[in-house]
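Order of the sequence lines fixes the chain letters, A, B, ..., with proteins taken first and strands second; residue numbering starts at 1 for each chain. Keep in mind that the numbers below use all heavy atoms, side chains included, and drop hydrogens, waters and symmetry copies. Computed from a prediction, not measured in an experiment: that's the story for all the values here.
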Amino acid sequence: MNKNFDVEYYKQKYLFGKSNKELADLLRYIAYSLELKKQDYFRIIAYKNAADALEAYPVEIYNLIVNNEDFQIENIGKIIKQKLIEYCKNGYSQEMAEILSEIPITVFYLTQVRSVGPKKAYKLVETFKLFNPETVYEDLLNVAKAGKIQNLEGFGKKSEESLIKALENYLSYKMQSRILLYLADNIAKSIIDWVSQNQDILKINVLGSIRRRCETVGDIDIAVATDNSKAVIDRFLEYPDKIKIENAGSNKASIIVKNNIRVDLRVIDKSRYGSMLQYFTGSKLHNIALREYALNLGYSLSEYGLKSVSDKQEISFSSEKELYEFLGLRYIPPELREGNDEVELAKKGKLPKLIKLSDIKGDLHIHSSFDTQTHYDLGSSDLNELIEKAKALGYSYIGIADHNPKYSLKQSVQKILAERKKYYDQIIYSKKLEQFNVFIGLECDILPDGSLPITDECLKYLDYIIVSIHSSFDLDKTKMTQRILRALNYPKVCVFGHPTARLINKRPAISADWQKIFKFCKEKNIAVEINSSPERLDLPYELIKMYKTFGVKFIINTDSHNADSLDLIAYGVDTARKGWLTKDDVVNTNSLDKIELWIQKQSQKK
DNA sequence: GCCGTTTTCGGCCCGACTGTTTTCAGTCG
């Protein structure tokens, strides 16, 4: 018997990985396995739903399980939960192994290729004996290139060609993850600018995860309202920076652009535009919740509108607002549509009034070009340029938080900070600022033991300190928590900078007892930073939402290294909105005198 | 297998696109 059919093979420890995404794939493979064995349709659906829910769940459940912490996820009931627990604790689950073992593992591998589902994968694996998991993609590619696939029943020349492309694509891009929101924004803007030059466009919007302001984006979706869909789609297909056209119909077309990003354009008449906008903005979980809610009112919800269950009458909506209002709901901003409890709260009228970009009155995490002899990058703009930019943004204050000088310079650290203060004070004085202030801060490393690389004598040259982690990211949870708490206890600390220290797609969040840390921040009046840098977006929105209920205050900063980057504050505001924050939750929505008072108070504390 | 303001049984979303077919299957979102 081939090893892939053997239960023992599927008992290799963590054969499918530990992340939520990988665990979700594992559940999907079980669904595929059941599908191929023609088992109960709804049992299959149940595994797929569980997989979707797990993939959308914000906390890595592997960590929860190994720490014996409980979790409740919609659509994951007792049975699947128990299997996940068994898999995470033992490295495999007996029952899962049994279900999977009737199908070669290479079948599951092939389902990762676009346009290949379980049935095609199974047929290909069986026909061409593709049992080697190490080389299955290359093996199939060779078979396809040899022209052997077009003769298979249900396949043809075209499907052979598209399979070759899909495989080549998969092989060249399989290492690539979802792109950052910031990059997706730029691509989407360029395409929208191009398409919008067509005269037949009545409305155009970006949909999906970009519109919900998710930190990363898989595909880019765009909606257009028009009476001439052919002209709009033709224009879209002529987009000059496309790599290829994926498909093109009368209501929808897809192209591939740089970074192997797929862009879908959906076209609809003006009268039903609101329904389409709502439907394809998602998220999937939000739509499920909304659909259930609508069904209770006697309507079935689709991308075309509502259909009365009783008399089949269709109702269309030209705007999203009308749709939500018709259902008796307050308008739900796209950022909140993640399938938590937003539908329920919209019904009760209890959605928060989300913070807006215009609420921001200043930015306290800016790096200037003054040479503090740090071992990090300096900023490239000087204080004059930063003040001008901040004024242009309508700010009342900024805080310069350069990196601390190198730790090895011990004796001269104080001297560098003294010179810096003198230099800044001169600029501030000479500019005769009115209704505007500059705070002189410092972004200070939290050393591995929780101490800070400055002496008490340095404090007199500083208005405030941001503490943040730039090294030793993998301490265990207990040590990391102690480390952070010690640093937060230093005098003049006002801000805990980029708390999880994650870099999206590059470095995972540190492990720490956030509950303990944020409670401490609340007690000490320390603001928890929402760092707007597109590759950080740290604190992540899930944690913001979770710990907002503690009453801790947040601050949205850019961590800018040049004046232009002050504009990126919008990404921090998006993240705050996604974390359900209001103006009152964020300290830098406060006026200058309130901020001055807060900073003074922090410096008087021991 | 999941879920419950119809709660322990009996329901569970569905339309578009592609390709191969000649009325449908597979895949995707």
Side-chain angles (χ1 to χ4, degrees), chain A residues 27-28 30-36 38-56 72-84 95-96 99 110-124 149-163 165-166 207-209 218-223 229 233 245-254 262-268 272 275-276 279-307 309 314 344 347:
Chain A
L27 296 178
R28 276 185 200 108
I30 292 174
Y32 294 158
S33 197
L34 298 171
E35 201 173 336
L36 290 167
K38 301 196 187 335
Q39 300 244 337
D40 174 35
Y41 175 69
F42 292 108
R43 192 175 165 217
I44 296 166
I45 296 284
Y47 273 99
K48 288 186 178 170
N49 288 340
D52 289 342
L54 180 54
E55 191 164 343
Q72 295 294 334
I73 304 176
E74 184 104 339
N75 288 327
I76 297 184
K78 263 189 183 163
I79 295 168
I80 293 182
K81 185 173 173 179
Q82 193 47 48
K83 285 178 183 165
L84 287 169
E95 247 186 291
M96 285 177 173
I99 297 171
L110 287 184
T111 60
Q112 297 284 340
V113 179
R114 191 184 285 283
S115 82
V116 178
K119 292 180 183 168
K120 279 190 194 170
Y122 187 77
K123 184 155 193 171
L124 292 166
I149 287 178
Q150 50 180 293
N151 302 322
L152 273 185
E153 195 194 342
F155 290 79
K157 206 166 174 99
K158 277 192 175 175
S159 37
E160 185 176 82
E161 282 167 14
S162 65
L163 182 63
K165 280 183 188 163
L207 306 163
S209 44
D219 297 343
I220 296 174
D221 294 301
I222 297 169
S229 56
I233 286 188
I245 294 172
E246 186 93 332
N247 58 54
S250 51
N251 299 314
K252 192 196 145 196
S254 309
R262 178 192 165 107
V263 185
D264 292 343
L265 185 86
R266 294 168 190 282
V267 176
I268 201 163
R272 294 186 292 178
S275 303
M276 164 169 281
Y279 191 84
F280 288 105
T281 294
S283 65
K284 198 169 178 179
L285 291 178
H286 174 76
N287 285 358
I288 288 171
L290 198 63
R291 214 155 39 217
E292 264 175 28
Y293 174 80
L295 267 180
N296 281 332
L297 296 178
Y299 297 101
S300 124
L301 173 69
S302 81
E303 66 208 78
Y304 299 109
L306 293 173
K307 198 190 279 178
V309 177
E314 291 186 24
E344 208 178 304
K347 191 186 170 206

Closest contact, heavy atoms only, A:Ile233 versus A:Lys252: CD1-N, 3.7 Å
Distance, P atom - from B:dT27 to B:dT20, rounded to whole angstrom: 14 Å
Sugar-phosphate only, base, or nothing, as touched by A:Lys123 at under 4.0 Å among non-hydrogen atoms: nothing
Atom of A:Ala121, atom of A:Leu110 and distance for their closest heavy-atom approach: CB-CB, 3.8 Å
Integer angstrom distance from the C1' of B:dT7 to that of B:dC2: 13 Å
Residues in contact with DNA chain B, drawn from residues 38-48 of chain A - heavy-atom cutoff 4.0 Å: A:Asp40, A:Phe42, A:Arg43, A:Ala46, A:Tyr47
Side-chain donor/acceptor of A:Lys123 to backbone N/O of A:Glu153, under 3.5 Å: yes
Sugar-phosphate, base or nothing in reach of A:Lys284, heavy atoms under 4.0 Å: nothing
Distance between P atoms of B:dG26 and B:dT21 (Å, rounded): 13 Å
Electrostatic pair A:Glu314-A:Arg272, nearest N-O below 4.0 angstrom: no
Test item: A:Ser33 side-chain N/O and A:Ile99 main-chain N/O as donor-acceptor pair under 3.5 Å: yes
Opening and closing nucleotides of DNA chain B in contact with chain A, under 4.0 Å to non-hydrogen atoms: B:dG1 to B:dG29
Closest non-hydrogen atom pair between A:Ala50 and A:Asn75, with its separation: CB-O, 3.5 Å
DNA chain B contacts among residues 288-304 of chain A, heavy-atom distance under 4.0 Å: A:Arg291, A:Tyr304
Touch class at under 4.0 angstrom, heavy-atom based, for A:Ala50 against every strand present: nothing
Sub-4.5 Å side-chain heavy-atom contact between A:Leu152 and A:Leu124: yes
Euclidean distance for P, B:dG15 against B:dG4 (whole angstrom): 25 Å
Check: A:Tyr279 main-chain N/O paired with A:Asn287 side-chain donor or acceptor under 3.5 Å: yes
Backbone of A:Leu34 reached by a side-chain donor or acceptor of A:Gln39 within 3.5 Å: no
Residue pair A:Tyr304 / A:Ile268, side-chain heavy-atom distance below 4.5 Å: yes
Flag side-chain contact, heavy atom, 4.5 Å: A:Leu54 against A:Ile80: no
Pair partner, B:dT8 [Watson-Crick or wobble, under 3.5 Å]: none
Residue pairs fulfilling salt bridge (Lys or Arg N to Asp or Glu O under 4.0 Å) with at least one residue in residues 279-288 of chain A, sequence neighbours excluded: A:Asp52-A:Lys284
Side chain proximity check, A:Glu35 to A:Lys48, heavy atoms < 4.5 angstrom: yes
First of A:Ile99 and A:Lys119 reached from the 5' end of DNA chain B, by closest nucleotide: A:Ile99
Touch class at under 4.0 angstrom, heavy-atom based, for A:Thr111 against every strand present: nothing
Within residues 294-307 of chain A or reaching into it, pairs that qualify as salt bridge (Lys or Arg N to Asp or Glu O under 4.0 Å) - sequence neighbours excluded: none
Span that lies between the C1' atom of B:dT6 and that of B:dC12, in whole angstrom: 15 Å
Whichever of A:Lys81 and A:Lys252 has its nearest DNA chain B nucleotide further upstream toward 5': A:Lys81
C1' spacing across the pair B:dC14 / B:dC9, given as an integer number of angstrom: 25 Å
Residues touching DNA chain B, which here means a heavy atom under 4.0 Å, drawn from residues 152-160 of chain A: A:Gly154, A:Phe155, A:Gly156, A:Lys157, A:Lys158, A:Ser159
C1' gap between B:dT8 and B:dC3, integer Å: 10 Å
